[in-house]
Amino acid sequence: MSSKIEVQRICQYCEQEFTARTTVTKFCSHTCNQRAYKANKRDKKVKQSHNETMLKIKQPIEQLKAKEFLTVREVALLLNCSKRTAYNYIESGTITAVNLGQRMTRVKRSEIDKLFQ
């Protein structure tokens with residue numbers, strides 16, 4: 001049962017016009033089909049890698065939200081600012097901090113929450 005229809009189509013990969021023998025043909029050749037398949041696989045891998053990267057980036061912030069006392073670096077990460085800006089907030093009194101030694105400045109998590117209330 002063969003068909004003698006000829007349908008003018010445009011290849012979804014190379015975008016060249018070709019004559020198809022069926023109404024469901026998407027590509028002009030086996031080569032374009034293979035290249036489109038590989039490009040699709042590559043795009044899926046890139047998207048998966050991007051999603052994994054975003055999860056890794058968001059994971060530390062979720063862990064910081066669970067902590068009771070934060071370092072200045074962690075405060076800067078939560079506020080999305082530099083460490084110097086976090087120190088400026090502490091020095092101006094916007095954020096209350098406790099010095100536990102020369103290099104041990106700690107901020108209570110509730111102080112960060114107060115900023116946004």
Side-chain angles (χ1 to χ4, degrees):
M1 197 164 126
S2 64
S3 173
K4 294 191 182 221
I5 63 170
E6 291 184 356
V7 180
Q8 288 302 112
R9 305 282 307 222
I10 296 179
C11 179
Q12 288 185 359
Y13 183 75
C14 67
E15 298 179 356
Q16 303 239 343
E17 190 172 336
F18 70 99
T19 303
R21 293 186 207 148
T22 66
T23 58
V24 294
T25 304
K26 297 179 182 179
F27 304 104
C28 63
S29 66
H30 185 63
T31 305
C32 281
N33 186 11
Q34 287 177 331
R35 290 178 180 166
Y37 176 80
K38 287 181 181 180
N40 189 20
K41 284 287 193 184
R42 190 179 316 112
D43 290 343
K44 283 182 182 179
K45 283 184 180 180
V46 168
K47 285 180 184 177
Q48 181 182 4
S49 175
H50 177 70
N51 290 340
E52 289 174 1
T53 303
M54 294 307 292
L55 284 175
K56 292 255 185 197
I57 290 171
K58 291 179 182 179
Q59 185 179 11
I61 293 176
E62 296 299 323
Q63 290 174 348
L64 292 179
K65 288 181 179 179
K67 284 179 134 182
E68 183 64 32
F69 295 99
L70 306 169
T71 63
V72 177
R73 179 180 289 165
E74 293 167 343
V75 170
L77 185 63
L78 276 177
L79 296 178
N80 197 20
C81 65
S82 67
K83 281 184 4 180
R84 184 68 245 165
T85 304
Y87 275 115
N88 287 341
Y89 286 144
I90 292 169
E91 290 167 3
S92 68
T94 306
I95 299 174
T96 307
V98 175
N99 287 330
L100 301 173
Q102 273 190 330
R103 294 181 173 231
M104 291 190 60
T105 304
R106 298 292 183 253
V107 178
K108 209 170 185 182
R109 175 80 179 114
S110 60
E111 289 295 320
I112 305 298
D113 295 335
K114 286 180 190 177
L115 287 175
F116 299 106
Q117 291 180 356

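Keep in mind the model is a prediction, meaning the values are calculated, not measured. We count residues from 1, following the sequence as given.
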Scan the side chains in residues 10-19 for donor-acceptor partners under 3.5 Å anywhere in the protein, sequence neighbours excluded, and list what turns up.
residue	atom	partner	partner atom	Å
Glu17	OE2	Gln8	NE2	2.8
Thr19	OG1	Gln8	OE1	2.6

Problem - All salt bridge (charged side-chain N to carboxylate O under 4.0 Å, His left out) counterparts of Arg109, not counting sequence neighbours - result: Asp113
Problem - Residues in salt bridge (charged side-chain N to carboxylate O under 4.0 Å, His left out) contact with Lys83, at least two apart in sequence or another chain - result: none
Handout entry: Distance (rounded to the nearest 0.5 Å) between Ile95 CD1 and Thr105 OG1
Key = 12.0 Å
Handout entry: From CD (Glu111) to OG1 (Thr94), nearest 0.5 Å
Key = 10.5 Å
Report the residues that fulfil side chain to side chain donor-acceptor pair (under 3.5 Å) with [X], sequence neighbours left out, ordered by chain and then residue number.
X: Lys108; value: none
X: His30; value: Gln34
X: Ser49; value: none
X: Asn51; value: none

Exercise for the section: Answer whether the closest heavy-atom distance between the side chains of Thr23 and Ile5 falls below 4.5 Å. Expected result: yes
Practice task
Answer yes or no: does atom CD of Glu91 have more than 12 heavy-atom neighbours from other residues, nucleotides or ligands under 6.0 Å?
Solution key: yes
Problem - Tyr89 atom OH, neighbour heavy-atom count above 12 within 6.0 Å - result: no
Handout entry: Test item: Arg9 side-chain N/O and Arg21 main-chain N/O as donor-acceptor pair under 3.5 Å
Key = no
Practice task
Output the rest of the hydrophobic cluster of Phe69: all Ile, Leu, Val, Met, Phe, Trp and Tyr residues reachable through side-chain heavy-atom contacts under 4.5 Å, sorted by chain and number.
Solution key: none
Problem - All side-chain contact (heavy atoms from CB on, under 4.5 Å) counterparts of Leu100, not counting sequence neighbours - result: Val98, Met104, Arg106
Exercise for the section: Would you please name every residue forming a side-chain contact (heavy atoms from CB on, under 4.5 Å) with Ser82, sequence neighbours left out? Expected result: Arg84, Thr85
Handout entry: Considering all heavy atoms, the nearest Ile112-Val75 contact
Key = CD1-CG1, 3.7 Å
Practice task
Please list all pairs passing the salt bridge (charged side-chain N to carboxylate O under 4.0 Å, His left out) test where one or both residues lie in residues 22-35, with sequence neighbours left out.
Solution key: none
Contacts under 3.5 angstrom, residues 36-46 side chains, donor-acceptor by atom type, not counting sequence neighbours:
none

